[in-house]
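Reading through the structure tokens given below for one structure.
Each chain gets a letter, A, B and so on, in the order its sequence line appears, and its residues count up from 1.
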Amino acid sequence: MQEKYIPAEIERAARTHWQATAADRALEADDKPKYYCLCMFPYPSGKLHMGHVRNYVIGDVLARYHRMLGENVLQPMGWDAFGMPAENAALANKASPADWTYQNIDCMKQQLQLLGLSIDWRRELTTCRPEYYRWEQWLFTRLFEKGLIYKKLGAVNWDPVDQTVLANEQVIDGRGWRSGALVEKREIPMYYMKITAYAEELLSSLDTLTGWPERVRLMQKNWIGKSVGVRLAFPFEQDGETQKLWVFTTRADTLMGVTFVAVAAEHPLAARAAENTPELAAFIEECKKGSVAEADLATMEKKGMPTGLFARHPLTDEKIPVWVGNYVLMRYGEGAVMAVPAHDERDFAFAQKYGLPIKQVIGAANETFSLDGWQEWYGDKSRAVCVNSGKYDGLAHAAAVEAIAADLAKLELGEREVQWRLRDWGISRQRYWGCPIPIVHCEQCGDVHVPDNELPVRLPENVDITGAGSPLAKMPEFYETTCPKCGKPARRETDTLDTFVESSWYFLRYACPDNDEAMLDTRVEYWCAGGIDQYIGGIEHAILHLLYARFFTRLIRDAGLIRLAEPFKNLLTQGMVVAPTFYRRDANGKEQWFNPAEVEIKTDERGRPAGATLKVDGQPVVIGGIEKMSKSRNNGIAPQTLIDQYGADTVRLFMMFAAPPDQSLEWSDVGVEGAYRFLRRVWKLAHTHVRRGVTAASSGNAGLTESQKDLRRKLHQTINKTRDDYGRRQQFNTAIAAVMELLNACDKTDLSDAAGHALAQEAFEAVALMLFPIVPHIGQTLYAELKPGADAARAAFPQADPDALAQDEVELMIQVGGKLRGSLTIAAHADKTAIEAAALNSEAAQKFMDGKPAKKVVVVPGRLVNIVV
RNA sequence: GCCGGGGUGGCGGAAUCGGUAGACGCAGCGGAUUCAAAAUCCGCCGCCGCAAGGUGUGAGGGUUCGAGUCCCUCUCCCGGCACCA
């Protein structure tokens, strides 16, 4: 065995060994339980970043651990290869999106392989390849036939200068990112997927996802947003006829407090009222400015204008003014809301601003309403009964809703209704680098889907990207075609699919990426039975991607291809990788950002940071916040540099040690140094042992001294701890800390006799295997040195020996009045009475009880005794 | 704005079911080794205090024998908001 730890050498050798023994290959086999471990596939953006490394190392730790439990593990990898950055790169560098993407994939694949991930690369898939997207198009045609895909108008961000549709990301402060022009909302025809048809199922089966973080389930639940309420109508006269203005409300109990109705700017009633009112028409026009993003709509100033129209209250016949409000969303509910300023914060602000009346209808009989205290009334169910509401007075929320709904139903002015916040998924994109939509527009036959034998509709790869308009719409060789039904000249659809579509089913295709006859086959049933065993990815995907994937799995189930409904049995949402930022402000007040690698941090005599300077000029820089690693803040650290310097194991160890997987991880250069130091220490200790001579590991406590027994207990406690941390808790930082503690204990125990030597052998073998999932290269190498001929990649995870764990005495803490005052060592089997007596007799108790009698003694077995005086 | 999450030493974090706050590591300080340095090894290390002790988990309040953990109010930070992926 080499005396020195040389990562580059042992990592190369370990990778060669795994390749030669096909250690990562996943074959369908029934002799052991399967474990499908999946990480969210990357977008091939160029180089691997720290977020990728973190994601894939977490996945690899779990994959390797489960292999050591004797499971049949599949860990695949692929490329989410369609998307906007390829088009942006094409604009900037004149490279084709396809070339750019494929080059990035080559580069990132090479980097991934250096990390020592146990991936079955034979299953690699790339979504921009026709072999992949042809099946997406095939499924599209099935869904189109079923009516689960349909066409309607949808709002997009329109850049009037570049004459192009912008993504929300490309709208900055209401302006186009390239042109700087004020962005407008524009309605264009688009294809939609009927995800709302599955709303009920997507909501109710969230309860079955017990392997998901509670917060993700809650976010999905709120996103789907089922609300039970009442759809009710305010009648109004138009052209001599009685029309109905419908609204949806979950607070029908406040109906008697309505003082106005507000409609969206796009509401037909607003358009009609604007015909003779230029100011209103101008206001509606103004509402069209700005982006379509929900966050922008919700944070803008609430504005409104009266339409001059009046409707009648459905129960009192009172005249109710109709307003246009920029905060009313056309796409939710009826595009109109009833306003109850006394009991809704937003209505209240609006009423105050425009001097509209406020009428309290919820409260308690003996309390009076004041404008200052309205928040107290709103939502306080304990006091909330109807007041000032005629026959409904005294009714509580649910009863009032019931009574009012019943009365409205008799008048045919209302009915109970369920509303969803979830809306259908618009999948059309006016972009080039995406999966072509397999539809042909025929003047005679309408929208006709492309037949199976003409699939895939290939995306041309040599294309001219200009940044204005859709490139495919400028390529007659692409869009000129004939109708599959009547054979007459027709025009091919030039929009492409939302890239979320590719990532909604790729996890199924890993089971059979080589099948060119069918989208999926029986191998999916094997690998996905009961769901993918572990899915790992960023928390930022908690809603959209995961919801779409759940939706698609059901679509594919209902197409008869699989039986699965929920794709991901267990979900681990990983935190972000963040790093400090450093900048200087130039004369124009613009920040110039410096990479942490270029900056030197000064500390005071106690190690507190006290300023930073730029290495090249020694002049100070401003220390900014700790933010997600990004190009814009120049605070990214390239993983490759660190792998070159320290080896993959050090990078893996640091990433797993610095924070638990679901928390954000702060990058630290000196922390990496510490991880490297630990691996060197492990290597050195093992080397010293191996030089003394490998031997048979001890298998019991026979012949051990007391301190050696303590060490052996610690060893077996550590085995239990690491099993729990890898398996149940998925918290790897504490597993590493436990092994560090064990090594510290080994160092402090006299192992010079023969029994000690055997115990050292037992401990080092276990340490190599316990660390193997996290640092596989060094784990592989050390295990083979300790046990010549042994292969850690095929070894079982150590198991604790119950005899080693047994303990005669335990230490209990003594508290007096809840304050820690001392401790007590007592036989492990001592009962409560004995513990109580021993505690009362202890020096600590005597001293702090001050001669007063004990009022109460609380004994927590194995933990503490609290004496209350 | 709405939905979700978080705030613990100089720093990353630990405390798993309400029971020893600060495991483990980093930084720092002191020492050994060395011609010297690097590396390594040993010791100290929340804050106040000479000590006894007091105090301490974003702020304020509450429940409890006992609260970082549960409840209420507030505050700051982060993620998502349907065309970034």
Side-chain angles (χ1 to χ4, degrees), chain A residues 40 42-43 45 80 83-85 154 156-157 165-171 213-216 218-219 221-223 225 291-300 302 327 345-346 421-426 428-431 498-500 503 538-545 547-548 573 575-576 578 603-609 625-628 654 657-660 662-668 670-675 677-678 680-681 684 724-725 728-729 731 733-734 736-741 744 747 811-815 817-820 823 855-858 860 862-864 866-868:
Chain A
M40 291 181 185
Y43 176 79
S45 52
D80 187 13
M84 223 169 41
V156 293
N157 302 307
V165 175
L166 298 178
N168 284 336
E169 190 192 47
Q170 298 171 316
V171 180
E214 188 55 45
R215 61 166 193 252
V216 176
L218 191 55
M219 278 191 264
K221 182 184 171 207
N222 292 337
W223 183 265
S291 89
V292 296
E294 178 93 10
D296 293 339
L297 295 171
T299 48
M300 68 189 177
K302 308 289 174 283
Y327 64 94
E345 195 167 350
R346 201 172 49 182
R421 211 188 74 93
L422 182 69
R423 43 183 209 260
D424 280 341
W425 174 14
S428 296
R429 296 293 179 269
Q430 299 66 48
R431 271 186 252 294
D498 181 0
T499 56
F500 265 123
S503 56
I539 182 68
E540 66 272 22
H541 297 291
I543 296 176
L544 289 177
H545 162 62
L547 190 64
Y548 292 148
T573 50
M576 295 177 308
V578 296
T603 53
D604 66 13
E605 72 283 356
R606 302 190 68 167
R608 293 193 188 94
I626 291 165
E627 298 184 47
K628 179 175 173 167
F654 171 71
F657 183 59
D662 58 351
Q663 280 180 36
S664 64
L665 183 151
E666 193 182 326
W667 188 257
S668 142
V670 282
V672 177
E673 197 76 51
R677 196 177 305 153
F678 173 72
R680 261 196 330 239
R681 181 162 171 242
K684 200 179 122 189
D724 193 41
D725 282 350
R728 181 181 64 89
R729 298 216 301 159
Q731 190 171 307
N733 55 333
T734 47
I736 297 165
V739 175
M740 286 175 169
E741 275 188 72
N744 290 343
D747 230 10
E811 196 188 17
L812 298 182
M813 293 301 120
I814 296 178
Q815 292 185 343
K819 278 187 201 289
L820 183 69
S823 69
K855 207 195 278 176
K856 184 176 175 186
V857 181
V858 182
V860 185
R863 291 263 183 203
L864 55 72
N866 187 12
I867 301 164
V868 189

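Taking 90° from 0 as the syn/anti boundary, the base of B:C17 is oriented syn. In B:G4 the base sits anti relative to the sugar, since the glycosidic angle is further than 90° from 0.
Nearest nucleotide to the A:M576 side chain, out of B:A85, B:C78, B:U40: B:C78.
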Strictly under 3.5 Å: I want the nitrogen or oxygen pairs between protein and nucleotides 5-9 of chain B, one per line.
none

Check the interface with nucleotides 55-58 of chain B: list each N/O to N/O pair with the protein under 3.5 Å, or write none.
from: B:U55; atom 1: OP2; to: A:K819; atom 2: NZ; distance (Å): 3.2

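A 3.5 Å limit on both hydrogen-bonding distances identifies B:C81 as the Watson-Crick or G-U partner of B:G1. Remark: B:C17 base-pairs with no nucleotide in the shown strands. Criterion, Watson-Crick or G-U wobble with two distances under 3.5 Å. Here B:U69 sits opposite no nucleotide as a Watson-Crick or G-U wobble pair (both hydrogen-bonding atom distances under 3.5 Å). Pair check for B:A36 finds none; no Watson-Crick or G-U wobble contact set falls under 3.5 Å.
B:G43 and B:A36 have their C1' atoms separated by 24 Å, with the value rounded to a whole Å. With C1' as the reference atom, B:G79 and B:G25 are 28 Å apart, rounded to whole Å. The same atom, C1', is picked in B:G12 and in B:G22; the two are 13 Å apart, to the nearest Å. For the C1' atoms, the distance linking B:G13 with B:C26 amounts to 10 Å, nearest Å.
Atom CD in A:E214 sits about 17 Å away from atom P in B:C3, given to the nearest Å. Atom-to-atom, NE2 of A:H541 to C1' of B:A82 comes out at 14 Å; the value is rounded to the nearest Å. Summarising the geometry, the separation between CG on A:D296 and P on B:C2 is reported as 16 Å, rounded to the nearest angstrom. Between A:F678 atom CZ and B:C26 atom C1' there is a gap of 15 Å when expressed in whole angstrom units. Look at CG on A:D747: it is 6 Å from P on B:C42, rounded to the nearest Å. In this structure, A:D424 atom CG and B:A82 atom P are separated by 16 Å, rounded to whole Å. Nucleotide B:C81 holds its P atom 21 Å from the NZ atom of A:K221, rounded to whole Å. Between the C1' atom of B:C78 and the CG atom of A:D662 lies a distance of 14 Å, rounded to the nearest Å.
Evaluation of the side chain to side chain donor-acceptor pair (under 3.5 Å) rule for A:D424 yields A:Y150, A:T196 as partners, not counting sequence neighbours. With sequence neighbours excluded, the residues satisfying side chain to side chain donor-acceptor pair (under 3.5 Å) with A:N157 are A:N168. For A:E294, the side chain to side chain contact (heavy atoms under 4.5 Å, CB included) partners are A:L329, A:R331, A:R423, not counting sequence neighbours.
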Protein proximity profile, nucleotides 13-25 of chain B - base contact B, sugar-phosphate-only contact S, no contact -, cut-off 4.0 Å on heavy atoms
SSSB--BBS-BBS
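Ring pair A:F500/A:Y548 is perpendicular by interplanar angle, where above 60° counts as perpendicular and below 30° as parallel.
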Could you please spell out the steps behind the side-chain hydrogen bond (donor to acceptor under 3.5 Å, both in side chains) verdict for A:R215 and A:T573?
CA-CA 10 Å; A:R215 61 166 193 252; A:T573 50; 3.1 Å; yes
Would A:I543 and A:N222 count as a side-chain contact (heavy atoms from CB on, under 4.5 Å) here? Give the steps.
CA-CA 10 Å; A:I543 296 176; A:N222 292 337; over 6 Å; no
Can you check side-chain contact (heavy atoms from CB on, under 4.5 Å) on A:M84 and A:R429, steps first, answer last?
CA-CA 10 Å; A:M84 223 169 41; A:R429 296 293 179 269; over 6 Å; no
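Using a 4.0 Å heavy-atom criterion, one finds that A:K684 contacts the sugar-phosphate atoms exclusively.
Of the residues near RNA chain B, A:P85 and A:A295, the one whose nearest nucleotide (by heavy atom distance) lies more toward the 5' end is A:A295.
Under 4.0 angstrom from either OP1 or OP2 of B:C3 there lies no side-chain N or O belonging to A:R421. Taking side-chain N and O atoms only, A:N168 has a distance below 4.0 Å to OP1 or OP2 of B:A82.
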